[in-house]
Amino acid sequence: MERLVKKGAGWRLGWNPKATDYHGLVGGDDWAIELTEAELDDFCQLLGQLAQTMSQMASELMDEEKIACEVESDLLWMEAEGYPNSYMLRFILNTGRRCEGSWLPQAVPDLVQAAQSLKVF
């Protein structure tokens, strides 16, 4: 498999299996960071968990009620904040490079979908 970069309005997600250290990429329109394979795997897994939790919370909340959910691994922390069907997403990388990023609600659904199929081959 060759290098793959998926992108849309407000998000980018990439995978390069031939890279030496940093196989993954996450970013927005004007920022990006490369991730190790383990960091990218955690990112995709935690993003899926957040998306599923937010979806499940829709039936538990009133229409005007917002929620914040956090998930974490040894490598990174993520948070979804907003309404179950429209939320912003934040992450903080806990490894040596220490960075953070975020996506606006309109970018999140496509980012979630791309993360689910990024490394399927």
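With values rounded to the nearest 0.5 angstrom, D110 atom CG is found 6.0 Å from W11 atom CH2. Atom SG of C69 is separated from atom CG of L50 by 6.5 Å, given to the nearest 0.5 angstrom. One distance of note links OH of Y83 with CD of E64; it measures 8.0 Å at 0.5 Å rounding. The structure places NE2 of H23 at 10.0 Å from CG of D41, a figure rounded to the nearest 0.5 Å. Of the inter-residue distances, the one linking C44 atom SG with W15 atom CH2 reads 9.5 Å to the nearest 0.5 angstrom. Taking CG from N94 and CG from L76, the interatomic distance works out to 7.0 Å, rounded to the nearest 0.5 Å.
Considering only heavy atoms from C-beta on, S117 comes within 4.5 Å of K6 through its side chain. Taking 4.5 Å as the limit, every side-chain heavy atom of N16 sits out of range of all side-chain heavy atoms of L4. Side-chain contact between T36 and D21 is absent, with no heavy-atom pair separated by less than 4.5 Å. Looking only at side-chain heavy atoms (C-beta outward), L89 and S102 stay at 4.5 Å or farther from each other.
Between the side chain of T53 and the backbone N or O of Q49, at least one donor-acceptor pair lies under 3.5 Å. Put simply, the side chain of D29 gets close to the backbone of G10: a donor and an acceptor are under 3.5 Å apart.
Aromatic ring pairs are classed by plane angle as parallel below 30°, tilted from 30° to 60° and perpendicular above 60°; the pair F91 and F43 is perpendicular.
Heavy atoms from other residues, nucleotides or ligands lying under 6.0 Å from NZ of K7 number 12 at most. Around atom CD of Q113, no more than 12 heavy atoms belonging to other residues, nucleotides or ligands sit under 6.0 Å away.
Grouping the Ile, Leu, Val, Met, Phe, Trp and Tyr side chains by contacts below 4.5 angstrom, directly or via other members, places W31 with L93. Under a hydrophobic clustering in which Ile, Leu, Val, Met, Phe, Trp and Tyr are joined whenever their side-chain heavy atoms come within less than 4.5 Å, directly or via other members, L46 and I67 fall into the same cluster. If you chain together hydrophobic residues whose side chains sit under 4.5 Å apart, L25 and L75 never meet in one group. Both Y87 and M57 are part of a single hydrophobic cluster, where members link through side-chain heavy atoms under 4.5 Å apart. Residues L35 and V71 share a single hydrophobic cluster, defined by chaining ILVMFWY side chains whose heavy atoms lie under 4.5 Å apart.
Heavy-atom minimum distance, A19 versus Y22: CB-O, 3.2 Å.
Sorted by first and then second residue, the salt bridge (Lys or Arg N to Asp or Glu O under 4.0 Å) pairs involving residues 79-102 (not counting sequence neighbours) are E39-R97, E79-R90, E81-R90.
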